Q: 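Pasting in a structure now, in structure tokens, and then I'll have a few things to ask.
Computed from a prediction, not measured in an experiment: that's the story for all the values here. Every heavy atom of this structure was used, including side-chain atoms; hydrogens, water molecules and symmetry mates were not. Just follow the structure's listing: the first ligand is 1, and inside any ligand the first atom is 1.
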Amino acid sequence: MTYLKPIPMKYRIEQPGFPRGWYCVAESRDVSGEAMLPVSYLDQQLIVYRTQDGTAQVADAYCPHLGAHLASHDGAICEGKITCPFHKWQFDGADGSIVDIPYTKVMPPASVKLTLHPTREVDGMVLMWYDAHGRQPDFEPYASSKLKEGGYVLYEERQWETTCPFRDILENLFDTAHIQQLHNSNNLPDVLETAQEDFGLRVEYAMTGEEAVQGMTVRLSGVSLLNQEFRGQGWSTVFVHSFTPIDDERFLQKTRLYLSEMPDPALYDMIGKPFVERFVFEVEQDLKVLDYKKHLHKPKLCAGDGPIMEFRRYSSRYYA
Ligand code: FES
Ligand SMILES: [Fe+2]
């Protein structure tokens with residue numbers, strides 16, 4: 001096995017840039033109305049919090065007055081109002097407007113406010129809308145009806161920071177040849193149906209080579225969220241995957257595995273453990289290659305390579 005040093009993205013993709021879409025910037029459980037959560041994604045410094053009515057909100061971390069980071073020092077949120085640590089300007093967290101400036105009665109124009117990003121809360125994640133040209137959302141992310149109705153428990157979570165070209169991570173799902181060649185797996189999914197949906201793409205699979213799993217449904221919201229449902233006899237699992245660029249060089253891949261509630265607690269490990277082990281094994285194997293790969297604009301594909309170009313036709317619409 002050879003060891004490669006990280007290879008800068010400029011050698012591996014011509015136009016980096018982030019595609020338009022919904023990006024997970026926090027787990028719901030980490031977001032509150034009592035403290036701002038500072039995060040750094042999409043080459044931006046952001047804060048995530050809850051407004052007074054409990055709605056999750058993502059905003060630019062920097063105060064429009066003189067650029068203090070709102071979550072630095074004693075910057076605070078209380079009853080939906082955010083107070084900057086520097087000159088104590090106070091903002092309404094729900095619309096970003098200035099509520100109070102303690103040392104003047106002369107208010108700046110209404111256009112001076114916090115920059116808020118369109119935000120959704122779906123499947124235990126807080127999502128932020130990103131569009132390189134600042135356009136408003138033109139689709140909604142998929143929300144799992146299964147998780148919404150309840151009856152599922154969070155079994156395990158994993159995350160990886162990867163240096164794969166962002167454009168290529170989901171392509172892996174459609175690259176069927178590597179499943180046998182890289183992962184040595186014969187568990188090849190057969191595509192039954194591919195459908196365009198409001199949120200993006202839905203693919204129905206039949207599983208061959210594995211008796212326990214009867215079927216799989218994959219739902220892609222744009223190119224940043226992936227919901228994967230597996231069905232077996234008397235159980236089902238939901239994988240919620242998110243892919244969020246940190247900057248041009250790397251992104252965070254996060255996976256949560258939910259299992260349908262089962263009568264016998266021992267069943268969770270029986271069903272969940274093999275899923276997690278197989279999944280972690282395959283991701284880590286993938287990343288040994290993907291973290292160094294180049295995005296080939298015109299790959300030289302051959303018969304048996306899987307619907308890679310179909311996926312590219314789908315994904316290209318999200319790029320500026
Ligand atoms: S920088 Fe925020 S109040 Fe001055
Ligand atoms: Fe893979």
Q: So which of the N, O or S atoms of His178 lies nearest the Fe ion (ligand 2)?
A: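 Considering only N, O and S atoms, His178 comes nearest to the Fe ion (ligand 2) through NE2.
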Q: Parallel, tilted or perpendicular for Phe166 and Tyr23, by the 30°/60° rule?
A: tilted
Q: Which protein N, O or S atoms lie under 2.8 Å from atom 2 (Fe) of ligand 1, given by chain and residue number?
A: Cys63 SG, Cys84 SG
Q: Tell me whether His133 contacts the main-chain N or O of Arg135 through its side chain, where contact means a donor paired with an acceptor under 3.5 Å.
A: no
Q: Using a distance threshold of 2.8 Å, state whether an N, O or S atom of Asn172 lies below it from the Fe ion (ligand 2).
A: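 Short answer: yes, at least one N, O or S atom is under the cut-off.
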Q: Could you point out which residue of Lys148, Arg50, Arg29 forms a salt bridge (charged side-chain N to carboxylate O under 4.0 Å, His left out) with Glu121?
A: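 So the option named by the test is Arg50.
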Q: Would you call the rings of His241 and Phe279 parallel, tilted or perpendicular, where under 30° means parallel and over 60° means perpendicular?
A: tilted
Q: More than 12 foreign heavy atoms under 6.0 Å from CD of Gln196: is that the case here?
A: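 Yes, enclosed.
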Q: Any N/O/S atom, side chain or main chain, of Asp286 closer to the Fe ion (ligand 2) than 2.8 Å?
A: yes
Q: Any cation-pi pair here, Arg20 with Tyr130, using under 6.0 Å and within 45°?
A: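 Verdict for Tyr130: no cation-pi partner in Arg20.
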Q: Measure the spacing between SG of Cys84 and CZ of Phe91 and express it to the nearest 0.5 Å.
A: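 Rounded to the nearest 0.5 Å, the SG-CZ separation comes out at 6.5 Å.
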